[in-house]
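All residue numbers refer to positions in the sequence shown, counting from 1.
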Amino acid sequence: MKSDKNIFKKAYRATVSALKRAFRWIKRTIFGSKKEWQTLQGDEKIESPSKLLAKAFFAKKSAVFALTVLISLFLFVFIAPNIVKLDKNYTDPLQQNAPPGYSLRALPRGLKKDVQDINGFADFTVGVSGKGKLYVWGNTKDRLNKKDLKSIPKQVKKEGVLAAAAGKDHIIAVTKTGEIVGWGDKSCGQYDYEPTLNAISMPIELQNGVGESGIKSLSCGYQATALILEDGKCYVWGNTNAVRNLQDFEKSTGMEKIVFTNSLAVGLTSDGKIVTNTSFFSSVVGSKNGRGRDLNAYLGGRKVKKITSSNKCIALLTEDDELVVAGAFENGEDLLPTLKNGEYFVDLDGGSRHFVGVTNQGNSYAWGHNAYGQCNVKKSGDRVFAGSLQSYIVGAGKLRQSAGLKGYLMGTDGRGRDVFARIAHGGKMTMTIGAVAVLVSSTIAILVGCTAGYFGGFVDTLLMRITEIFSSIPFLPFAMLLSQIIKNYNVSETTRIFIIMLILGALSWTGLARMIRGQVLAEREKEFVLSARAMGVKEGKIAFRHVLPNVVSVILVSMTLDFAGCLLTESSLSYLGFGVQQPRPTWGNMLTGCNNSTIIQHYWWQWLFPALFLSVAVIAINVIGDALRDALDPKKGGRA
């Protein structure tokens with residue numbers, strides 16, 4: 001046991017000693033000696049090469065600016081991911097292609113003090129005031145069809161509305177004279193009376209409006225609409241591929257309300273029964289906890305008095321004031337709020353992934369997806385409304401509180417993912433891969449170049465032939481081939497990324513190795529090498545402790561420029577689909593799919609910001625590398 005401890009202690013001391021020597025060597029090489037020697041004839045100080053280099057470098061304003069930019073980028077990509085969280089598997093088709101801006105939660109001023117209804121299904125929202133004025137806010141522009149949902153038809157503006165509802169890409173409003181007006185996209189039967197393939201068209205009988213029947217309920221979903229009149233007539237229309245059971249309600253009667261999930265319609269009859277033909281709602285959560293049971297079986301004949309929906313769930317209030325949520329739960333939609341004794345919900349509404357409600361005591365609660373703070377409701381009120389990712393608390397017709405998503409700093413991509421969050425996390429990945437690849441390539445180049453240049457002869461010939469073999473390999477095609485081979489093996493994502501780093505490093509060292517060899521060939525003929533040999537210093541020690549520090553400046557410049565090259569190479573591989581794979585972001589693979597005219601013309605933020613960050617990083621690194629090279633070159637006014 002004692003011998004084992006002694007061996008461990010010796011190994012530990014040897015390791016610590018080696019690390020200290022390496023640290024001292026690096027410090028002495030880069031910063032010079034601590035001692036400042038004075039000349040015999042005066043008080044003038046002899047400055048170390050590193051100080052001369054620093055003076056020459058910082059004398060260039062462009063170099064200082066580039067260094068500041070690069071440091072800022074490094075701080076951004078390594079600090080921002082700890083603040084801006086990213087679920088790499090998160091997608092939201094209702095938020096796709098949203099432009100930069102913060103208008104998604106901003107209620108118009110005229111609506112704040114006179115709220116009758118607020119309704120939103122996707123990335124825009126509609127509101128109706130008590131006076132019947134219609135408001136639209138959020139991401140309202142259809143860039144492909146060049147339409148703006150804020151362009152409310154003149155008839156609606158003039159007459160005012162009884163009710164309005166927002167779908168995925170269209171708006172339906174019923175004017176005070178009973179006319180039904182739709183605008184937005186109508187390619188999938190969202191409105192208009194003409195027959196449309198795979199869609200139920202608006203009923204012809206609605207051409208004359210709703211007459212004196214009155215409106216009981218109006219709701220919109222993913223390219224679909226449901227209208228229920230006071231006399232019990234029910235009208236549904238829209239895309240039957242998007243809402244698979246839309247036909248079930250086409251000629252229904254006695255309906256109270258119809259709500260939409262992303263792909264289904266669920267009805268509530270006047271006698272309090274739920275109408276749906278799917279087993280989708282077999283997972284139930286309520287105060288009696290019925291998970292795993294069919295919804296109708298769980299209700300057991302109890303009447304339902306209120307219903308609302310999210311993307312994949314419905315929430316309802318029973319006649320005995322129980323809150324029940326059923327569906328395919330995600331994001332905590334099954335974690336119902338805990339109410340006080342004697343407290344029960346009187347109003348409910350659902351966003352895309354959350355629910356919000358208000359109780360008989362005026363307390364507001366929200367649960368479910370809370371990435372944007374849409375569940376952070378605190379104010380009291382008597383009614384609640386929800387946009388897709390927003391919550392609104394209203395009391396006595398006035399807005400008390402709004403919570404949730406305001407917008408996106410850099411917009412979203414085609415899958416509804418936040419571009420800014422992906423740039424922050426993708427930059428960390430791109431910078432890390434570039435840095436590790438440079439370290440690997442530089443280590444190989446230093447070993448090969450220094451060994452070949454110092455020892456010469458057969459060693460030089462052998463190492464240079466190996467270098468020539470590696471330099472003759474077409475870099476990008478070979479890297480793509482290796483990456484494709486890796487994809488066919490069952491390795492973890494982290495392992496694959498690590499292998500990509502090694503591939504980039506192992507294939508990009510040849511140029512630096514030749515440069516180091518040439519410098520070492522010149523340095524080994526100087527007198528200090530001859531003196532070291534005469535003193536009996538080992539050849540390896542002379543090569544790596546005495547000769548190599550004299551060429552470290554060239555290595556630093558080359559490493560700086562190679563770092564920019566590795567960033568571009570990784571981005572190129574990822575852009576071509578051979579590097580880091582989606583959904584994990586890098587600046588390169590964020591540009592994948594942006595090489596078509598539709599995105600370039602209409603969704604400019606999806607390619608501009610990743611390309612801008614990558615370009616700024618590469619340009620800053622190149623400026624720094626050029627400044628270092630000039631500072632190290634006496635002929636260009638650098639150090640002597």
How about Phe58 and Leu67: do any of their side-chain heavy atoms sit closer than 4.5 Å?
-> yes
For Ser471 and Arg514 the tightest heavy-atom approach is OG-NH2, 3.0 Å
Is any side-chain heavy atom of Met559 less than 4.5 Å from a side-chain heavy atom of Leu439?
-> yes
What is the distance from atom SG of Cys375 to atom CG of Leu389, rounded to the nearest 0.5 Å?
-> 10.0 Å
Would you say the side chain of Ile600 lies within less than 4.5 Å of the side chain of Trp607, judging by non-hydrogen atoms?
-> yes
Yes or no on side chain to side chain contact (heavy atoms under 4.5 Å, CB included) for Tyr90 and His369, after CA distance, side-chain angles and deciding distance?
-> CA-CA 12 Å; Tyr90 175 84; His369 183 236; 4.0 Å; yes
Test item: Glu523 and Tyr454 side chains (from C-beta on) under 4.5 Å apart, heavy atoms | no
Does Thr412 offer a backbone N or O that forms a donor-acceptor pair with the side chain of Trp605 under 3.5 Å?
-> yes
Could you pull out the closest heavy-atom pair between Ala437 and Cys566, with the gap in Å?
-> CB-SG, 3.8 Å
Taking Arg415 for its side chain and Thr91 for its backbone only, find out whether a donor-acceptor pair lies under 3.5 Å.
-> no
Quick check: does any side chain N or O of Asp142 sit under 3.5 Å from a backbone N or O of Lys146, one acting as donor and the other as acceptor?
-> no
Does the side chain to side chain contact (heavy atoms under 4.5 Å, CB included) test come out yes or no for Leu512 and Ser442, once each step is laid out?
-> CA-CA 7 Å; Leu512 180 58; Ser442 300; 4.0 Å; yes
To the nearest 0.5 Å, what is the distance between CE (Met590) and NE2 (His425)?
-> 11.0 Å
Taking C-beta and beyond as the side chain, do Leu86 and Pro81 meet within less than 4.5 Å on heavy atoms?
-> no
May I ask you to decide if Gly427's main-chain N or O and Thr430's side chain share a donor-acceptor pair within less than 3.5 Å?
-> no
Side-chain donor/acceptor of Asp562 to backbone N/O of Ser508, under 3.5 Å | no
Please step through side chain to side chain contact (heavy atoms under 4.5 Å, CB included) for the pair Tyr392 and Arg105, ending with a clear verdict.
-> CA-CA 9 Å; Tyr392 302 96; Arg105 206 182 82 194; 4.0 Å; yes
Would one find more than 12 heavy atoms of other residues, nucleotides or ligands at under 6.0 Å from atom NZ of Lys379?
-> no
Evaluate the side-chain proximity of Leu94 to Asp123: yes if any heavy-atom separation is below 4.5 Å, no if none is.
-> no
Within a radius of less than 6.0 Å around CZ of Arg109, do more than 12 heavy atoms belonging to other residues, nucleotides or ligands occur?
-> no
Roughly how far, to the nearest 0.5 Å, is CG of Leu591 from CG of Leu608?
-> 10.0 Å
Rounded to the nearest 0.5 Å, the CZ atom of Arg422 sits from the OG1 atom of Thr586 at a distance of 9.0 Å
Please name the pair of heavy atoms, one in Ala403 and one in Val377, separated by the smallest distance, quoted to 0.1 Å.
-> CB-CG1, 4.3 Å
For the student: nearest non-hydrogen atoms of Ala421 and Val84, plus distance = CB-CG1, 3.5 Å
How close do Ala617 and Leu567 get, heavy atom to heavy atom, and via which atoms?
-> CB-CD1, 4.2 Å
Separation between CG (Leu405) and OG (Ser352), nearest 0.5 Å, reads 9.5 Å
Using atom types as modelled and distance alone, determine if a side-chain donor or acceptor of Trp587 lies under 3.5 Å from a backbone N or O of Ile423.
-> yes
Assess the side chains of Asn97 and Gln606: does a donor N or O sit below 3.5 Å from an acceptor N or O?
-> yes
Ring centres under 6.0 angstrom apart (Phe76, Phe420) | yes
Min side-chain heavy-atom separation Phe78-Thr432 under 4.5 Å = yes
Taking the side chain from Arg143 and the backbone from Tyr603, do they hold a donor-acceptor pair closer than 3.5 Å?
-> no
Is a side-chain donor-acceptor pair under 3.5 Å present for Arg517 with Thr467?
-> no
Return yes if some donor-acceptor pair links the side-chain N/O of Thr451 with the main-chain N/O of Val448 below 3.5 Å, else return no.
-> no
Sub-3.5 Å donor-acceptor pair from the side chain of Gln390 to the main-chain atoms of Ser402, do we have one?
-> no
Under the 3.5 angstrom rule, does the side chain of Ser558 hit a backbone N or O of Ile555 as a donor-acceptor pair?
-> no
Calculate, to the nearest 0.5 Å, the distance between atoms OG and CD belonging to Ser391 and Gln401 respectively.
-> 8.5 Å
Under 30°, 30 to 60°, or over 60°: which ring-plane class applies to Trp604 and Phe609, parallel, tilted or perpendicular?
-> tilted
Beyond-backbone contact of Arg417 with Pro585, side-chain heavy atoms, under 4.5 angstrom | no
Quick one: closest heavy-atom pair of Asp413 and Val419, and the distance?
-> N-CG2, 3.9 Å
Phe65, CZ atom: more than 12 neighbouring heavy atoms under 6.0 Å | no
